[in-house]
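Note on naming: letters A, B, ... go to the chains in the order of the sequence lines (proteins, then strands), and numbering restarts at 1 for each one. Since we're looking at a predicted model, the values are computed, not measured.
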There are 2 protein chains.
Amino acid sequence: MRISELSRHSGVSVTTIKYYLREGLLQPGRQTAATQAEYDDQHLRRLRLIRALTGVRGLSVSTTRDVLDALAEHTGDTHRLLGLALGSLRVDDEPAEETPEAAEVAALVEELGWDVHESAPARAALAETLSSLRSLGVPLDRRTLLPYARLAERTATLDLDQLDGLTDPLEAAERALLLTVLLEPALMALRRMAQENESARRHPSQDLP
Amino acid sequence: MRISELSRHSGVSVTTIKYYLREGLLQPGRQTAATQAEYDDQHLRRLRLIRALTGVRGLSVSTTRDVLDALAEHTGDTHRLLGLALGSLRVDDEPAEETPEAAEVAALVEELGWDVHESAPARAALAETLSSLRSLGVPLDRRTLLPYARLAERTATLDLDQLDGLTDPLEAAERALLLTVLLEPALMALRRMAQENESARRHPSQDLP
DNA sequence: AGCATTGGATACCTTCACTATCTATGTTAG
DNA sequence: CTAACATAGATAGTGAAGGTATCCAATGCT
């Protein structure tokens, strides 16, 4: 497959593919001559993955590269793979501030009995959101958060169930990435629809025409 | 409060505040003279809200303006308010394509018995994600999606519970916005931690040092 | 009186994600 | 065989987004 075919099959313009090659998101094709290279199905698949991560999920090009690099560097352990994929989603230059919210998150994780790495970026993400909400006058205490966490637990069970039966570690890694990252907008969409439904149920007053 | 004080209290630079004023995200202060205006706590609160939406949630400035406008135009009905807040989060220029995924989403909503507006942006968002996942070889059928939807239902119940007891419609509207939009990163962070925990539980092989 | 601060306007800057153009080389149809 | 077209790789340009800097005249504070 030459670059123009790759472009036609993926719907991504040749110039954009070249851009991704430059940025290191896509492996170069197999060179057949000085001005000719051959691409295969792997490239097509990778290209679709890139478009999904940047388009649907809105990841930046550089974050996408980090995620794909982590995916390529997998060493066979699903746990580690997932951690890598998750970890790449946030650049933690600063070594996690010592805010009261961070302590609150730690306490929550403790109470849940979760085995979560100390430097997991999700900890900081949660702490940051809690801090924002508090400054806006909506402090979420552990009691409020706990039932959400229990639901997250069950969501994670569903997620992991879908990785069962995948023996190829590379395939498992990619599936994990897709389910973790790409399912997020889907879950949020479900939540919004459920909110609309629940709101309509509780306040059957006036419905919009 | 003058602009420099507003800046100091919020941690946002004076030039950026001026930028927000230009963009219509912030109401102008009460003019006390040709070159003097007075800002109050409402402005400070609004400014914090803007920073939360753009910073934590990553909304664009123009989307943020739309959301805040919707918030100001509330008419007293919580259901409508929520719909407005939710609806503003996605620009639906195109009138929802007729993809197979859109039909699948409609069937899912039907099966769930949810009362969700036909043109709810969340429908399109879900359909788009499903389409992406399918093109990547991970087709999620209704059977797989259903348990996720049931969990979303229970999450929504928790969300709506927190709006109970708020009598001031403006306050309820703002709370709804915060819980809908700002809680998203928190819920995703919980899910990621839960995934890590569940993965560790299932594959206790080698743990990272 | 005199100097810093303010509101308002305008111009400028940086990053991001592409997009266009150029050149030297290859491929291919007639 | 050659003219027309495609390709790889390099470099430069584009447009939107989100600020930032500068300037100015009017004002407030001391």
Q) Are any of the side-chain nitrogens in B:Arg192 or A:Glu184 under 4.0 Å away from the carboxylate oxygens of its partner? A) yes
**Q.** side-chain contact (heavy atoms from CB on, under 4.5 Å) partners for B:Leu166, two or more places apart
**A.** B:Leu163, B:Glu171, B:Ala172, B:Arg175
Q.
Going by ring-ring contact (aromatic ring centres under 6.0 Å, His included), name the residues that satisfy it together with B:Tyr39, two or more places apart in sequence or in a different chain.
A. B:His43
Q) 5' to 3' on DNA chain C, which nucleotides open and close the contacts with chain B (atom under 4.0 Å from a heavy atom)? A) C:dT6 to C:dT10
Q: Using the closest heavy atom to pick a nucleotide of DNA chain C for each, name whichever of B:Thr35 or A:Ser62 lands nearer the 5' end.
A: B:Thr35
Q) Shortest non-hydrogen contact from B:Arg48 to A:Leu136? A) CB-CD2, 3.7 Å
Q | Counterpart residues, side-chain contact (heavy atoms from CB on, under 4.5 Å), relative to A:Thr167 (two or more places apart) | A | none
(Q) If you take any heavy atom closer than 4.0 Å to DNA chain C, which residues from residues 8-33 of chain A end up in contact? (A) A:Ser13, A:Thr15, A:Thr16, A:Tyr19, A:Tyr20, A:Arg22
**Q.** Sub-4.0 Å heavy-atom contacts from residues 45-55 of chain B onto DNA chain C, ordered by number
**A.** none
Q | Partners passing side-chain contact (heavy atoms from CB on, under 4.5 Å) against B:Arg142 (at least two apart in sequence or in another chain) | A | B:Glu104, B:Ala107, B:Leu108, B:Glu111
Q) Using a heavy-atom cut-off of 4.0 Å to chain B, what are the terminal contacting nucleotides of DNA chain D, in 5' to 3' order? A) D:dG18 to D:dG28
Q: Measure across B:Asp115 and A:Ala200 and return the closest heavy-atom pair with its distance rounded to 0.1 Å.
A: OD2-CB, 3.7 Å
Q | Qualifying ring pair (Phe, Tyr, Trp, His ring centres under 6.0 Å) pairs with a residue from residues 5-33 of chain A, counting only residues at least two apart or across chains | A | none
Q. What residues form a salt bridge (charged side-chain N to carboxylate O under 4.0 Å, His left out) with B:Glu38, not counting sequence neighbours?
A. none
Q. Under 6.0 Å from the CD atom of B:Glu5, do we count more than 12 heavy atoms belonging to anything else shown?
A. yes
**Q.** Set of side-chain contact (heavy atoms from CB on, under 4.5 Å) partners for B:Arg154, sequence neighbours left out
**A.** A:Leu151, A:Arg154
Q. For residues 155-167 of chain B, which residue pairs qualify under salt bridge (Lys or Arg N to Asp or Glu O under 4.0 Å), counting only residues two or more places apart or in two chains?
A. A:Arg191-B:Asp159, A:Arg202-B:Asp161, A:Arg202-B:Asp164
